[in-house]
Amino acid sequence: MNAFDVLQERGFVQQCTDADAVRAMFAAGPVTAYVGYDPTADSLHVGHLFSLMSLMHLARTGNKPIVLMGGGTAMVGDPSGKTEMRQMLTREAILTNIARIKGQVAKLFGDGSAIVENNDSWLLELRYIDFLRDIGRHFSVNRMLSAEAYKIRLERGLSFIEFNYQLLQAYDFHELCKRYNCTLQMGGDDQWSNILAGVDLCRRLLQKQVQGLTSPLLMTAAGEKMGKTAAGAVWLDPQKLSPYDYYQYWVNVDDRDVARMLGFFTFLPMTEVRAVWKLDGRDLNAAKAILAFEATRIVHGDAEATTAHTAAQAAFGGRELPANILPSSAVPRVASATAESMPTAHVTAAELAAGLPLIELLRRTEIADSNGAARRLIQQGGVRIGDAKVDDEKKLVTAADFVDGVMLLKSGKKKVFRIVAQG
RNA sequence: GGAGGGAUACCCAAGUGGCCAAAGGGAGCAGACUGUAAAUCUGCCGGCGUAAGCCUUCGAAGGUUCAAAUCCUUCUCCCUCCA
């Protein structure tokens, strides 16, 4: 299947310079395409994963993706679609971030099917006057100012350094086109004007017609940016967000988003995904579990996905996943629970002998972040040990609360901790 | 460089000497309803404390006052207009 059609049917295509030309390009042979990522943090998150998924689709259809690390552009900062200037990153921070992100990218493209480049290797050595004369003259300030991506910033302030970003990104495209014959740049829809600038520059400098394609901005049905939670971004780094929590993020998506997310964040065939559009109510929970399993698997691997899945079953009750929902998924469909991988905290025998204040335990598990919060939580009936609601805020946890050295501490509907007695 | 305006808790935003740990909204947390969904309703939402109360917080540092988010001084940062 033509890679363009794959992207389109899965919902990755928002705008495209020339859909027919892009389709023809893919039909004619392997295409080299790139997406750029500025290393602004020490881990990628779900927002990055979105476009990485589209690159993975290209790799799977025999094309050559380039993952471009913006080691140079991160020194400048992209104002596109942002409300304010980002904090400037030091060179050292950028390099550390790149090192970690490269590891994540390598894991996603396990077979080395992607080229990883860093634009600092050509941007850092640019000479100002030469750059202005050779590149700068091709850019119309008038047109740049009219771009939607700068609209907010023109009201709230845009510094000159950021205003240069587009030139650098355009320069990247031209450089990759020269070095790798890269003929397609993809990105989020906020990148549209930057991508167009690159397409223009390639035509002027190299007399080559290259293409650009954007994906929709990832929004939830509730109208919020996908991949953001109250606690922050949904990170791919297991140190920053455990595979269990990553899995939970997907299980908890809005009903209305499930089918779309299956298209974006799994490789399950669209014929099966389309069937999910017809599901509703409780049936969607099975689809959510499969979404979570598949999404976790891509980022953390089969083993972690399976443990996260069985841990969730242990925490929330196992259920059979009907064989006819997303049949291609390798998810374990029989209810099987392994409690070990649930979030776990430990207490000592000595603590239990003395009686460990429940409040203390709530803080240790970070269910509550102050004594007051812990107390309020209990007062409001939000804490359960096993299935029994706790109504005494001064409760002392003792060995009597444990069964076979284990106790389940629950808060609300979603937080379950396995407390293990040691010694 | 000149003139003016602003900085309040996670975010937006009211407050212009005591009634202010600080209105309102959003986010978040918990309860009811449910399906680990959405919507809705209810409660909570700086820290310590069973409580009385104490401590810390309104850009930063000083000061006036019995008493300051509120008044004064200096500083930092942001915005608007003019150059």
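Letters A, B, ... are given to chains in the order of the sequence lines, protein chains preceding strands, and every chain is numbered from 1. The structure presented is a predicted model; accordingly, all values stated were derived computationally and were not measured.
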Asker: Check every strand shown and say whether A:G317 touches a base, only sugar-phosphate, or nothing at a heavy-atom separation below 4.0 Å.
Answerer: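 Since no nucleic acid heavy atom lies under 4.0 Å of A:G317, the category is nothing.
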
Asker: Report the residues that fulfil ring-ring contact (aromatic ring centres under 6.0 Å, His included) with A:H300, sequence neighbours left out, ordered by chain and then residue number.
Answerer: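 Partners of A:H300 by the ring-ring contact (aromatic ring centres under 6.0 Å, His included) criterion, ordered by chain and then number, come out as A:Y246.
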
Asker: Which base, if any, makes a Watson-Crick or G-U wobble pair with B:rA68, both distances under 3.5 Å?
Answerer: none

Asker: Pairing check on B:rA39: which nucleotide meets the Watson-Crick or G-U wobble criteria with it, both distances under 3.5 Å?
Answerer: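 Pairing partner: none.
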
Asker: Atom CZ of A:F316 and atom P of B:rU36: how far apart are they, to the nearest Å?
Answerer: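 Result: 9 Å.
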
Asker: Is there a Watson-Crick or G-U wobble partner for B:rC81 with both distances under 3.5 Å, and if so, which one is it?
Answerer: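 In the structure as shown, B:rC81 has B:rG2 as its Watson-Crick or wobble partner.
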
Asker: Would you say A:E366 has more than 12 foreign heavy atoms packed within less than 6.0 Å of its CD?
Answerer: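 No - once you tally the heavy atoms of other residues, nucleotides and ligands closer than 6.0 Å, there are 12 at most.
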
Asker: Before accepting this row, confirm whether a basic side-chain N of the pair A:D369/A:R363 lies closer than 4.0 Å to the acidic partner's carboxylate O.
Answerer: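 Between A:R363 and A:D369 there is no salt bridge, as every charged N stays at least 4.0 Å from the carboxylate O atoms.
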
Asker: Looking at A:K413, does any N or O in its side chain come under 4.0 Å of the phosphate oxygens OP1/OP2 on B:rG31?
Answerer: no

Asker: In this structure, are over 12 heavy atoms from other groups packed under 6.0 Å from A:K102 atom NZ?
Answerer: no

Asker: What nucleic acid atoms does A:A315 come within less than 4.0 Å of, heavy atoms only: base, sugar-phosphate, or nothing?
Answerer: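 A:A315: no heavy atom of the nucleic acid under 4.0 Å.
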
Asker: Taking only heavy atoms on the protein side, list every residue of residues 351-365 of chain A lying under 4.0 Å from any atom of RNA chain B, sorted numerically.
Answerer: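 Those residues whose heavy atoms fall under 4.0 Å from RNA chain B, taken from residues 351-365 of chain A in numerical order, are A:R363.
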
Asker: So does A:V253 get a backbone contact from the side chain of A:D257, meaning a donor-acceptor N/O pair under 3.5 Å?
Answerer: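 Looks like no, no N/O pair under 3.5 Å.
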
Asker: Taking atom CZ of A:F417 and atom CG of A:L409, what is their separation to the nearest 0.5 Å?
Answerer: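 CG of A:L409 is found 8.0 Å from CZ of A:F417.
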
Asker: Base, sugar-phosphate, or nothing for A:N252, non-hydrogen atoms under 4.0 angstrom?
Answerer: base

Asker: Starting from P on B:rC44, measure out to CD1 on A:I367 and report it in whole angstrom.
Answerer: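 So the CD1-P distance, A:I367 to B:rC44, works out to 22 Å.
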
Asker: Could you tell me whether the phosphate oxygens of B:rA30, OP1 or OP2, come under 4.0 Å of any side-chain nitrogen or oxygen in A:S411?
Answerer: yes

Asker: Return whichever of A:L377 or A:V251 has its heavy-atom-nearest nucleotide of RNA chain B closer to the 5' end.
Answerer: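 Closer to the 5' end of RNA chain B: A:L377.
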
Asker: How many Å lie between CD on A:E224 and P on B:rG28, as a whole number?
Answerer: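 These atoms are roughly 7 Å apart.
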
Asker: Does B:rU76 have a Watson-Crick or wobble mate here (both distances under 3.5 Å), and if so which one?
Answerer: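 Check on B:rU76: paired to B:rA7, both distances under 3.5 Å.
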
Asker: Separation of A:Q313 atom CD from B:rU36 atom P, in whole Å?
Answerer: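 Between P of B:rU36 and CD of A:Q313: 12 Å.
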
Asker: Using the C1' atom in both, what is the distance from B:rG6 to B:rG59, to the nearest Å?
Answerer: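 Result for the C1' pair: 11 Å, nearest Å.
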
Asker: Do the side chains of A:D392 and A:K394 get close enough for a salt bridge, i.e. N-O under 4.0 angstrom?
Answerer: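 No, A:D392 and A:K394 are not salt-bridged.
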
Asker: Using the C1' atom on both, measure B:rC58 against B:rC20 and round to a whole Å.
Answerer: 10 Å

Asker: Less than 3.5 Å between a donor and an acceptor, one on the side chain of A:Q380 and one on the base of B:rG43, is that the case here?
Answerer: yes

Asker: So what does A:K415 hit on the nucleic acid, given a heavy-atom distance under 4.0 Å: a base, only sugar-phosphate, or nothing?
Answerer: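 It contacts sugar-phosphate atoms only.
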
Asker: Ignoring backbone atoms, test whether A:K288 places a side-chain nitrogen or oxygen under 4.0 Å from the OP1 or OP2 oxygen of B:rA38.
Answerer: no

Asker: How far, in whole Å, is B:rC29 from B:rC45 if one measures between their C1' atoms?
Answerer: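 Between the two C1' atoms, the distance is 8 Å.
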
Asker: Just to confirm, is there a sub-4.0 Å distance from OP1 or OP2 of B:rA30 to any side-chain nitrogen or oxygen of A:R376?
Answerer: no

Asker: So which one's nearest nucleotide on RNA chain B is more toward 5', A:D254 or A:D369?
Answerer: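 First, find each residue's nearest nucleotide; the 5'-ward one identifies A:D254.
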
Asker: Using the C1' atom as the point on both nucleotides, what is the distance between B:rG4 and B:rA9, in whole Å?
Answerer: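 That atom pair is separated by 29 Å.
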
Asker: Measuring only the P atom in each nucleotide, how far is B:rG28 from B:rA60? A whole number of Å is fine.
Answerer: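 Rounded to whole Å, the distance is 28 Å.
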
Asker: Answer yes or no: does a side-chain N or O of A:R375 lie under 4.0 Å from OP1 or OP2 of B:rG49?
Answerer: yes

Asker: If you look at every strand shown and take non-hydrogen atoms under 4.0 Å, does A:Q248 touch a base, only sugar-phosphate, or nothing?
Answerer: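 It contacts base atoms.
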
Asker: Considering only atom C1', compute the distance from B:rA69 to B:rU80 and round it to an integer number of Å.
Answerer: 25 Å

Asker: Go ahead and name the base partner of B:rG28; Watson-Crick or wobble counts if both distances stay under 3.5 Å, otherwise write none.
Answerer: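 Base partner found: B:rC44.
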
Asker: Starting at CG of A:L158 and ending at P of B:rU80, how long is that distance when rounded to a whole Å?
Answerer: 12 Å

Asker: Return yes if the base of B:rU50 and the side-chain atoms of A:E393 contain a donor-acceptor N/O pair under 3.5 Å, otherwise no.
Answerer: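 By the distance-only test, no, there is no pair.
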
Asker: Could you measure between the two P atoms, the one in B:rG17 and the one in B:rA68, and give it in whole Å?
Answerer: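 After rounding to an integer number of Å, I get 14 Å for this pair.
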
Asker: Considering only atom C1', compute the distance from B:rA13 to B:rU36 and round it to an integer number of Å.
Answerer: 34 Å

Asker: Can you tell me the pairing partner of B:rU57 across any strand shown, Watson-Crick or G-U wobble, with both distances under 3.5 angstrom?
Answerer: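 Answer to the pairing question: none, since B:rU57 forms no Watson-Crick or G-U pair.
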
Asker: Using the side chain to side chain donor-acceptor pair (under 3.5 Å) rule, pick out the option among A:T266, A:D302, A:T306 that qualifies with A:R297.
Answerer: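 The option that passes is A:D302.
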
Asker: Scan A:V390, A:L361, A:I367 and name whichever one has a side chain to side chain contact (heavy atoms under 4.5 Å, CB included) with A:V383.
Answerer: A:V390

Asker: Using a 4.0 Å heavy-atom cut-off across all strands, classify A:N371 as base, sugar-phosphate, or nothing.
Answerer: sugar-phosphate

Asker: Determine which nucleotide pairs with B:rG17, using a 3.5 Å limit on both distances of a Watson-Crick or G-U wobble pair.
Answerer: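 Partner of B:rG17: none.
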
Asker: Whole angstroms only, please: what is the CE-C1' distance between A:M226 and B:rA37?
Answerer: 13 Å

Asker: Any side-chain N or O of A:S370 below 4.0 angstrom from OP1/OP2 of B:rG46?
Answerer: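 Looking at the OP1 and OP2 atoms of B:rG46, neither is under 4.0 Å from any side-chain N or O of A:S370.
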
Asker: Round to a whole Å and report the spacing from CG of A:D283 to C1' of B:rU36.
Answerer: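 Answer to the nearest Å: 16 Å.
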
Asker: Evaluate the side-chain proximity of A:L58 to A:V31: yes if any heavy-atom separation is below 4.5 Å, no if none is.
Answerer: no

Asker: By the definition ring-ring contact (aromatic ring centres under 6.0 Å, His included), identify the one residue from A:F12, A:F109, A:F265, A:F4 that meets it with A:H57.
Answerer: A:F12

Asker: In whole angstrom, what separates A:R256's CZ from B:rA39's P?
Answerer: 7 Å

